[in-house]
Structures are given as structure tokens and as C-alpha cells.
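Since the structure comes first, as C-alpha cells, the remarks are kept for the end.
By convention in this document, chain letters (A, B, ...) are assigned in the order of the sequence lines, proteins followed by strands, and residues within each chain are numbered from 1.
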Protein chains: 2
Amino acid sequence: MLEIDKQSPLPIYYQIEAYLKQQIDDGLLKPGDTLPSEREFSEQFHVSRMTIRQAIMNLVNAGYLSRQKGRGTFVASQKIAMTLSGLTSFSEEIKHRGMRPLSRLLSYEVIPATDRIAQQLSIPNQTPVYEMKRLRLADDHPLALETAYIPVHLLPDLTQDDATGSIYAYAEQHGLRLKNATQTLEARSAGPEEAKLLTISPNAPVLLIDQRTYLEDGGMFEYSRSLFRGDSYSFTVAMDRI
Amino acid sequence: MLEIDKQSPLPIYYQIEAYLKQQIDDGLLKPGDTLPSEREFSEQFHVSRMTIRQAIMNLVNAGYLSRQKGRGTFVASQKIAMTLSGLTSFSEEIKHRGMRPLSRLLSYEVIPATDRIAQQLSIPNQTPVYEMKRLRLADDHPLALETAYIPVHLLPDLTQDDATGSIYAYAEQHGLRLKNATQTLEARSAGPEEAKLLTISPNAPVLLIDQRTYLEDGGMFEYSRSLFRGDSYSFTVAMDRI
DNA sequence: CTCTATAATCTGTTCAGACAACTAGTTTAA
DNA sequence: TTAAACTAGTTGTCTGAACAGATTATAGAG
């Protein structure tokens, strides 16, 4: 039974939201199950119906619940929720698939932005940017080849050591607030050098993923281009409102 | 200037939402612009602040706006909104890219579901399903090869003619409410027959997209597998909360 | 026993107001 | 001059209430 702490700095709706999400993740609430009505929740937790509503609506948007006017609130099928709440960090994703992630830094330098990179990052030509090439491995098997570009002025003190770990974590520790990203996927054939690094034969199919990462204030943080081995990586995405 | 119709069957928040979306799409509100505060809107439209909030929050979730506590509400960069509101129909997407979509029905039959298809559709083995193969063209150039499976009991009266047009539209006209879909993408090499139909050389890279479409009640509507030409198709997706 | 009207229950929408937390600019004190 | 305190403005959270619209169960009429 959930105890709500109205004194907590965490909002009440957030506490209820986390509680329900836990119940679903733990399997105590199964897909198709009917949830108590808003009024019942409201009395049970001694909070306003609008507060309950906010918790429920967030879970509906995240794909955990579904509701129908006049009928009630139901637990949604699980797969959608998994893919809708976008976990993006390479390390997290590999761990989630039950493998051990590893990165090898192939190169690290500061270069003036070329036309294409400047355009992708929405910055003037020749602006200094970090260029970092990394080989991504899962259980010691090469999985992807990534080239990332970040404007130097956003992270002026970044060192080669920092680049070995998670850049996202480093950025957030230095006051940058990342908000969202867009990815563009395409099928390509691997070139000779790429094939060698990924230990596949030349012209084998690879998934080319261009990623643009945005900051809270709307500015761009990073542009990266990755090549994933076609035989060992697939990408899943959920879409609403067809 | 927007006139709100409080007698309209359309909710007030929805009218405000549509009005703001229009302003953004028309370029009257540009990325980075600051919106009036909630209180100002509230007085301007003579509605409660909570109603304004609901309109704004929906647009924030759709990627059109962003907000910061203590600062205000701002128009977000456009690309994200475009990809976040998931337009999925092949025809719509091709039109959106300024091309002319066309479908050629290659085969249409009712078969008992094989293991793989039954599993993908969450139905018992051997259940009758429609199998429809279509070649998708954009401006008369072959773009994709699609094989779709739909349980017969969901659309018992489907004819070959119906299958030539939009199945989604047909399903909705017959009382089925589609809710969402998941897509899994992978890079592959084209086989000999596939290559011939797509007019590419054998072993050329193709994008394999598996799609599962769900109904409002949580049941599955369709499983389809498409092969897109790697040289002429890319797929974009937006992700929140990194 | 069947069909229809009614009632109860549910989510959806809207309101007016209150206080908290954060931001940015201004004023005051050292 | 500089730093701290204050203030006005903004979004975030929460309350309690009311009515609308959809769905389901129930009671009553035929």
C-alpha cells in the first residue's frame, strides 16, 4: 500500500505515477486489468481528482495505460511502453539487451566545422568542433562505428579522458540540459575501412543512423553519424495516432 | 484574432490548440518566439488558466512548444514537431515529400497463419489471414516491397479491390479503431527476386521494416514486412527525454 | 423472456483560486 | 563597485466543485 508524503519535494502526482508504473513493471497490474476509478483513487490517497488525473494522463502518454470515456482506465500492452519511453544511450541499450557494452576511442581532435557539419549543427562554418570517432562493442564484438561532432564552446574543458565515458552524463554535470533528439535511418553498404573495423565483409549491409541532439533551450548539442552492423542490430520505434 | 465558440462541441482547449498550431505552421510564430503568459491568454480568451494550460501542454507534448519554469513558453524548433506527430500512411508520406504515390497489388490470398505470422499477430496457428503483397512506387519508381498480414475475422468482407486502396481507411470505415504501431528497422541485402522487383542489383542494401499495428482495445490488427530501397529511402524518428 | 427506459458510474471538460518554485531585473547595503 | 536582498512575473502544483458525454447495469413494461 502506497503512503503519500505530501511534505516531499516530489510532486504528489509524480509519487502516484511512480507507484503505478512500479506495479505494472512488477506484474502486479497486468495488461488489460482495470484500474480503480479516479474518484476511488482520490478518496484512497486523500488528494484531489485533478491530481490523480495528472498522474494517469502522464502514464497514458507514456504508453503504460489506456482509457475510454464511460468505461475506465486499463493497463496497456507492454511492448509499446518499452519503446515509447526513449532510452537512447548506447550503454543503457546494450545493457538492456543483456550484453556488456564497451567503447574504444579511435580518434579525438578539434577541427573547424566543414559545410556539412556546420549545417547539421546550425553553427557558422569553420567554428571549432570536437570530432570523436568511437568503435562500439557489445560483448567484445564490434557493433557500431560512431563519429560525433560537438561545438567546442559548449564544453570548453572536455578532455580525451572524458570522451571515453558518457558524453551525455558529462554534459549534464556541466550544466547543459539535453532535451531530445532526432534520428534518421538509412540502409547502406559498408566501405572497405568501415568493414574492416566492424569485422564484416566489404559491401555488407549496414544501418546508417544520423542523430541530432538538442538542448533544452532549443540549441543543438551534437551531431553524430553511426554505422551499425546490419546482421546484429535492429532498431524499434513506436508511433501513436495513426 | 481567434474567436472562441464556447457552444461548440469542440473543447475550448482544442480550439486554442488548433489556433496556436496554425500560427506556428503559418510562420506567424517563429522558433524561439516567446508566447504570451498563461494569465494573458486567460484574460484574452476569457477562459480559465487551467484550460489554457491544457492546450499548451498538448503542444509541448507534440513538440511544438517548450517551456521553462520562471521564464515562459517558447516556440520550439520545427523539425521535431514534424517527426513526432507520426504520419505513417505510405501515401501520405510520399505526398509529403512532394512525390506521387502508387501501389501495385502483386498478390492477394487467404492463407492459414504460419508459426511466425501467428506469433507476430498473437493469434493461434493456422488461423486464416489475408496475405497481400504490394509494390510501392513514388513517381513511378519502385520504392518498396510490402507483404502484409491481417486476420480474416477482423475484416471478413475485404475484397481484392479494397486491398488496392488504403486498408487503414477501409478498416476505420468498418468500425475498427486503430491506435498505434511499432516498427523494427534493420539493414539487409536484397535477394534476387526482390532486387528485380525493386530494380536494383542483387545484394544492394535495403531497409527491412517490420510493422505491428494495434487496435484501440489492445488487439493486433496487422503485421507487415517491407523492404525499402536503401538508396532512396530514409526514416526519421524523434525521441524525447534523453 | 425480451426489449426499453432509467439510473449509476465512469472519464472529459471547465472553472476560480491559492501557494510554491524559479528567473530576471532592481534596489539597497556593505 | 560589488554583493546581497527584494520584487514582479512566470510556470508548476493542488484543491474542490460542477456539468457533459459515454457506457454499463438495472428495473420495469410488454
Side-chain angles (χ1 to χ4, degrees), chain A residues 2 4-20 32-61 64-76 175-177 179 215-218 241, chain B residues 2-20 32-61 64-76 175 177 179 215-218 241:
Chain A
L2 170 66
I4 294 214
D5 180 5
K6 295 206 181 186
Q7 265 31 262
S8 163
L10 293 170
I12 297 173
Y13 75 86
Y14 186 83
Q15 296 179 47
I16 296 173
E17 192 182 324
Y19 165 73
L20 290 175
D33 282 2
T34 305
L35 260 70
S37 77
E38 295 176 352
R39 252 172 270 272
E40 283 178 279
F41 268 134
S42 173
E43 286 167 19
Q44 180 185 334
F45 294 140
H46 302 103
V47 295
S48 151
R49 196 188 138 207
M50 291 305 283
T51 304
I52 298 288
R53 258 185 93 74
Q54 189 166 356
I56 292 180
M57 288 310 289
N58 284 349
L59 290 173
V60 169
N61 286 331
Y64 279 86
L65 301 176
S66 75
R67 23 184 31 201
Q68 269 176 264
K69 192 195 284 195
R71 290 196 62 210
T73 305
F74 311 91
V75 179
L176 292 179
R177 283 185 298 186
K179 195 192 164 203
L215 296 167
E216 187 77 54
D217 62 17
R241 287 166 272 157
Chain B
L2 171 64
E3 278 305 316
I4 293 209
D5 180 4
K6 295 205 180 185
Q7 265 32 261
S8 163
L10 292 170
I12 296 174
Y13 75 84
Y14 185 83
Q15 296 179 46
I16 296 173
E17 192 182 324
Y19 166 73
L20 290 175
D33 283 1
T34 304
L35 260 69
S37 76
E38 295 176 353
R39 251 172 270 272
E40 284 177 278
F41 268 135
S42 175
E43 286 167 21
Q44 180 184 335
F45 295 140
H46 303 101
V47 295
S48 150
R49 195 185 140 211
M50 291 303 282
T51 305
I52 297 288
R53 257 185 93 73
Q54 189 164 355
I56 292 180
M57 288 310 290
N58 285 350
L59 290 172
V60 169
N61 286 331
Y64 280 86
L65 301 176
S66 76
R67 23 184 32 201
Q68 268 176 265
K69 189 196 286 196
R71 291 197 60 210
T73 306
F74 311 92
V75 179
R177 283 186 297 188
K179 195 192 164 201
L215 296 167
E216 187 76 57
D217 63 17
R241 282 167 277 158

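Between the C1' atom of C/dG12 and the CD atom of A/Gln68 lies a distance of 13 Å, rounded to the nearest Å. Distance, B/Ile4 CD1 to C/dT13 P: 14 Å, rounded to whole Å. Rounded to whole Å, the distance from NZ on A/Lys6 to P on C/dC19 is 16 Å. Rounding to whole angstrom units, CD1 of residue A/Ile56 and P of C/dC10 are separated by 12 Å. C/dT13 atom C1' lies 14 Å from atom CD of B/Gln7, rounded to whole Å. Across the protein-nucleic acid pair, A/Glu43 atom CD and C/dC10 atom C1' stand 14 Å apart, rounded to whole Å. Summarising the geometry, the separation between CZ on A/Arg67 and P on C/dT9 is reported as 18 Å, rounded to the nearest angstrom. In this structure, A/Met57 atom CE and C/dT14 atom P are separated by 13 Å, rounded to whole Å.
For the pair B/Tyr64/B/Val75, no side-chain contact is recorded, criterion being any heavy-atom separation below 4.5 Å from C-beta on. No side-chain heavy atom of A/Asp5 sits less than 4.5 Å from a side-chain heavy atom of A/Ile12. Considering only heavy atoms from C-beta on, A/Ile16 comes within 4.5 Å of A/Phe45 through its side chain. Side chains of B/Leu35 and B/Phe41 form a contact here, defined as non-hydrogen atoms less than 4.5 Å apart.
Nearest heavy-atom pair, B/Asn58 versus B/Tyr13, reported as atom, atom and distance to 0.1 Å: ND2-CE1, 3.6 Å. The heavy-atom pair separating B/Gln15 from B/Leu10 by the smallest distance is NE2-O, 3.1 Å.
With hydrogens and angles ignored, a donor-acceptor pair closer than 3.5 Å exists between the side chain of A/Arg39 and the base of C/dT11.
Across the interface with DNA chain C, nearest-nucleotide mapping of A/Arg53 and A/Gly70 shows A/Gly70 to be the residue nearer the 5′ end. Comparing B/Ser37 and A/Val47 by the nucleotide of DNA chain D that holds the closest heavy atom to each, the one mapping nearer the 5' end is B/Ser37. With the nearest nucleotide of DNA chain C identified for both B/Ser48 and A/Thr73, A/Thr73 has the one nearer the 5' end. Nearer the 5' end of DNA chain D, as judged by each residue's closest nucleotide, is the contact made by B/Arg49, out of A/Ile52 and B/Arg49.
Picking from C/dT14, C/dA18, C/dA21 the nucleotide with the shortest atom distance to the side chain of B/Lys69 gives C/dA21. With C/dC10, C/dT13, C/dC15 as the choices, the nucleotide that has an atom nearest any side-chain atom of B/Gln54 turns out to be C/dT13.
Of the inter-residue distances, the one linking A/Glu38 atom CD with A/Thr73 atom OG1 reads 6.0 Å to the nearest 0.5 angstrom.
For C/dC15, one of the phosphate oxygens OP1 or OP2 lies less than 4.0 angstrom from a side-chain nitrogen or oxygen of B/Thr51.
Extent of DNA chain D lying under 4.0 Å from chain B heavy atoms, first and last nucleotide in 5' to 3' order, is D/dG9 to D/dC14.
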